[in-house]
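For reference, the structure is listed below as structure tokens.
On a predicted model such as this, the values are computed, not experimentally measured, just so you know. Note that these values count all heavy atoms, side chains included, but never hydrogens, waters or copies made by symmetry.
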Amino acid sequence: MTDHPDYTPTEVEAKWRARWHAERTNEADLDHASRPFYNLMMFPYPSAEGLHVGNLFAFTGADVFGRFKRMQGWNVFQPMGFDAFGIHSENFAMKVGMHPAELIPRNIANFTRQLTSMGGMFAWEHVLSTTDVSYYKWTQWLFLQLFKQGLAYKKKGSVNWCPTDKTVLANEQVIGGACERCGSMVEQRVLEQWYFRITDYAGRLLANLDDKSLMDWSESTVLAQKNWLGRSEGATIRFVAGKESIAVYTTRPDTLFGATFLVLAPEHPLVEQLTTPAERAAAEAYRAQAAAKDLVSRKVGEKEKTGVALGSTAINPATGAPIPIWIADYVLMEYGTGAIMAVPGHDERDFDFATKYRLPIVRVVAREGESADTPLAEALADVDAGRLVNSGEYDNLPALEAKRAVTRWLESSGHGEGKVQFRLYDWCISRQRYWGPPIPIIYCDDCGAVPVPEEQLPVVLPQIDDFRPDDSGVSPLARHAEWYFVPCPTCGKPGRRETDVSDTFLDSAWYFLRYPSSEFTDRPFDPARTARWLPVTSYIGGNEHAVLHLLYSRFITMVLHDAGMLSFEEPFRTFRAHGLIVKDGAKMSKSKGNVINPDEYISKWGADTFRTYLMFLGPFQEGGDFRDSGISGPRRFLDKVWELVSQATHPDCRDAEIRHEVLVKWHQTKKRVAEELELLHYNTAIAALMELVNALREQNCTEPTVVRELVQLLAPFAPHFAEECWERLAGTGSIFDARWPTWDPTLIIESSVTIVAQVNGKTRGTVAVARDADEATVRAAVEQLDGITRHLEGMTVRKVIYVPGRLVNFVVG
RNA sequence: GCGAACGUGGCGGAAUUGGUAUACGCGCGAGACUUAGGAUCUCGUGGGGAAACCCGUCCGGGUUCGAGUCCCGGCGUUCGCACCA
């Protein structure tokens, strides 16, 4: 670290943090702002480890943007909060033998300290935690709104169950079929769970993604959402099997003539009726085996397919032929109808299955040069591949056309109909856990599932010392008799509370609505506040939430819009995904021991240096590589600026005239930094500032006007530092209330330009000419160059390419 | 397997519409000031060559006066999704 500039970050940063707090610099006037700008970043889960660099990188990037927008004259509202419910907290609490209700406030206090020390422009008076009763009361209210609209319903669903820990596991906690914590094999359990009908909104959720007037999002995020929604077009086809009718969904109705067997998911409701007595035992055994598998390995494609025949047959409506019915766990109950028509000739999975169990494989599509009889060595699955064969009247039609033709026939003959299918499934919000908002439902023997009346909210999560889940599969809340047994709100007879809590994703699906209205206790979000501040102007966050969090937030917003409570249906006007930080080329992880503790860096280098380094180490939207050795660069840079500021406050600092080169660089930098900040190109914005500083030092320029504006451009990155410099340079008020410097477009143009001289495209020299020199002048200057004359000697110039202001290229032969 | 992004010095990374490749920073080398320096300042820093020049943006082709950038074919890395019919 440097000795001679007396810049001591600790003092400067403490001073300005105190000043901001005292003068309420970071608060926005939520009721009167004329140019509201809602700058949102993804609120963190307050872990016991504290903020990691990844958080800090993301928050700094978003903070830089918010500060920049404020300096441009926007009224920026930049809130922060904590996503503190969930399995993660609960597991950690169990591990350290504490109660989450005790642990979380500690963690939040630590996070708050860290977020303050990084110098974020947070509107702390609107801080929220999803675990506060004043917050989750409204999460429960939200559930009731969905319930009222018929968008919340109960059905049986499978969960991963660890028999040792006696708890439900998320899919990510199951590693290779075993519990990530104790290693015992995970089982599947079927429980009644609450679901939200997000699938009703699939079409809108998809369509809006392409509507630029509603949402301007990172391309990668839009794509991830589209893939998740997974729209496909095909047909539902009904196969008759004795008294039963089996519906299947297919994207390839054109291959109907090639359907040589049907496959149902093992848990399909018709399995029982379709099993012949001879096959009963085998079918039962197979179902039991499939049911015992954990959800993860059931779904992760195992190469070897298995299944059993049920003994009965169905009629292929196109050929009239009877085809056997099988069950196999490669068919999933959750997708489509839970049953497929198997076309082994044109589907890879069906091909594998048919090969293994010696089922007939029929070719119904032929490519150029193939005939109806050409044997298939593998499935030919490409729709665009060719024309139909072995398909009666559809022979010779291109497959794509046949798809429409067969669908029309299905509809006219009553065997099926065209169908748009989404991959998206309904959102299961039940968690058989303790640490979450209780789902506000009361069960009554007479009235069924009764919603808790809104005026009785909140359903407070009771303090239970032993919050560990037990073997019963019901939440520990059921053991708290006083809480559990309540009268039915409808009839008054004894009832029981729902003991599941809701998914953490529900907490975070509406937090952005709460922030501006966080002080209202009688409403989740105030209409006037909401009208002024929403939808969110800018949202910056990680792509790990590209799908679930962002999709759920959009869904909830749409539901509230449809209920007439919000005027908009898309919550985030712009969304930008930031990149990931790695350390010395490798992902950071506890096991590798390369996790960075930001506190150490902040106390050693100062928050401003650390922020500047984080923003400089790579493109914000791509992330970058954290290296200890790199931090000294930004620190030296701040020291140099500090020195310039010291010089610019001396009585004789004024330059009689600012040199032209400096003038141009100065105005170019103002323009460039503003443009780069707008695009979140922070690393290049900082590089531009470094260039300006280098130029000022080379030219011995200490002109206060220039230095003051330099400090302004730097302010979003190094806020405490900039405030201090601003004060020393006699700026009034906070630097963040001073307007962003403007540039003079006539001054960003240099008076002379460098022309590249080429022969056959190879650079042979350069020459500086006046910017407005005409072609003849430029050519004459270029022809004087040694490198050019040497290469033109004895050659015939066939052509001269002249690009004004750039180059002259002689094409010779 | 499918989808997407990317591949540039010793390292992190820059390069408007195709127009001086390597900005900015780290590191490294030499020098200055110093009792000292892991501080600071100055100069240098892609490879080869005395020079003229030649070679250089993962590899191989192509388009063009000119390609890091565009097209085709490989190889590699990373990130999503993953038996979705």
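- Between A:Phe353 and A:Tyr330, the angle of the ring planes lies from 30° to 60°, which puts this pair in the tilted group.
- Both distances falling under 3.5 Å, in either a Watson-Crick or a G-U wobble arrangement, occur for no nucleotide opposite B:U35.
- With rounding to whole Å, A:Asp625 atom CG is found 14 Å from B:U77 atom C1'.
- Nucleotide B:G1 has B:C81 as its partner under the Watson-Crick or G-U criteria, with both atom distances under 3.5 Å.
- A:Trp605 places its CH2 atom 11 Å from the C1' atom of B:C26, with the value rounded to the nearest Å.
- Under the 3.5 Å distance criterion, the side-chain polar atoms of A:Thr260 are matched with a main-chain donor or acceptor of A:Pro360.
- Proximity of a side-chain donor or acceptor of A:Tyr7 to a complementary backbone N or O of A:Val641 within less than 3.5 Å is not detected.
- Checked against B:G3, B:G25, B:A85, the side chain of A:Phe616 finds its nearest nucleotide in B:G25.
- Set against B:G80, B:U20, B:A85, the side chain of A:Thr763 has B:U20 as its closest nucleotide.
- Near RNA chain B, meaning a heavy atom under 4.0 Å away, the residues from residues 665-689 of chain A are A:Asn683, A:Thr684, A:Ala687.
- Ranked by how close their nearest RNA chain B nucleotide is to the 5' end, A:Arg764 and A:Met690 are led by A:Met690.
- Checking B:G19, B:G12, B:C41 against every side-chain atom of A:Arg806, the shortest atom distance belongs to B:G19.
- For the pair A:His268 (side chain) and A:Ala339 (backbone), a donor-acceptor distance under 3.5 Å is absent.
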Per-nt protein contacts along nucleotides 61-66 of chain B (heavy atom under 4.0 Å; B base, S backbone sugar-phosphate only, - none) come out as ----BS
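- Using the six-membered ring where Trp is involved, A:Tyr335 and A:Tyr249 have ring planes that are perpendicular, over 60° apart on the 30 and 60° scheme.
- No donor-acceptor distance shorter than 3.5 angstrom exists from the side chain of A:Tyr802 to the backbone of A:Val778, with no hydrogens or angles considered.
- Atom CD of A:Glu348 has 12 or fewer heavy atoms from other residues, nucleotides or ligands within 6.0 Å.
- Aromatic ring orientation, A:His578 versus A:Phe620: tilted (interplanar angle from 30° to 60°).
- For A:Tyr613 and B:C26, the OH to C1' distance is 9 Å, given to the nearest whole Å.
- For B:C43, the paired base is B:G29 (Watson-Crick or G-U wobble, both distances below 3.5 Å).
- Across all strands shown, B:G68 has no partner, as no Watson-Crick or G-U wobble contact with both distances under 3.5 Å is found.
- Considering only side-chain atoms of A:Val756, the nucleotide from B:C83, B:G80, B:U20 that sits closest is B:U20.
- Position along RNA chain B of the nearest nucleotide to A:Thr337 versus A:Gly624 favours A:Gly624 as the more 5'-ward residue.
- Across the strands present, B:G18 finds no partner; the criterion is a Watson-Crick or G-U wobble pair with both atom distances under 3.5 angstrom.
- Of the candidates B:A85, B:C53, B:U16, the closest approach to any side-chain atom of A:Thr250 belongs to B:A85.
- Distance, A:Asp639 CG to B:A39 C1': 10 Å, rounded to whole Å.
- Using cut-offs of 30° and 60° on the angle between ring planes, the pair A:Tyr601 and A:Phe610 is parallel.
- Side-chain nitrogen and oxygen atoms of A:Tyr335 include at least one within less than 4.0 Å of the OP1 or OP2 phosphate oxygen of B:A85.
- Using the Watson-Crick or G-U wobble rule with both distances under 3.5 Å, B:G76 pairs with B:C6.
- To the nearest angstrom, C1' of B:G12 lies 17 Å from CZ of A:Phe637.
- In this entry the base of B:G9 is syn relative to its sugar, with a glycosidic angle within 90° of 0.
- The side chain of A:Tyr330 lies closest to B:C83 when the candidates are B:G3, B:G25, B:C83.
- When the nucleotides B:A82, B:G25, B:G13 are ranked by their closest atom to the side chain of A:Pro619, B:G13 comes out on top.
- Residue A:Arg423 has a polar side-chain atom (N or O) positioned under 4.0 Å from OP1 or OP2 of B:A82.
- Remark: the backbone N or O of A:Leu692 is not paired with any side-chain donor or acceptor of A:Thr669 at under 3.5 angstrom.
- Atom-to-atom, CG of A:Leu638 to P of B:U40 comes out at 13 Å; the value is rounded to the nearest Å.
- Between B:G25, B:G19, B:A85, one nucleotide has an atom nearer to the side chain of A:Val331 than all others, and that is B:A85.
- Remark: A:Lys670 pairs with A:Glu709 by the side chain to side chain donor-acceptor pair (under 3.5 Å) rule, at least two apart or across chains.
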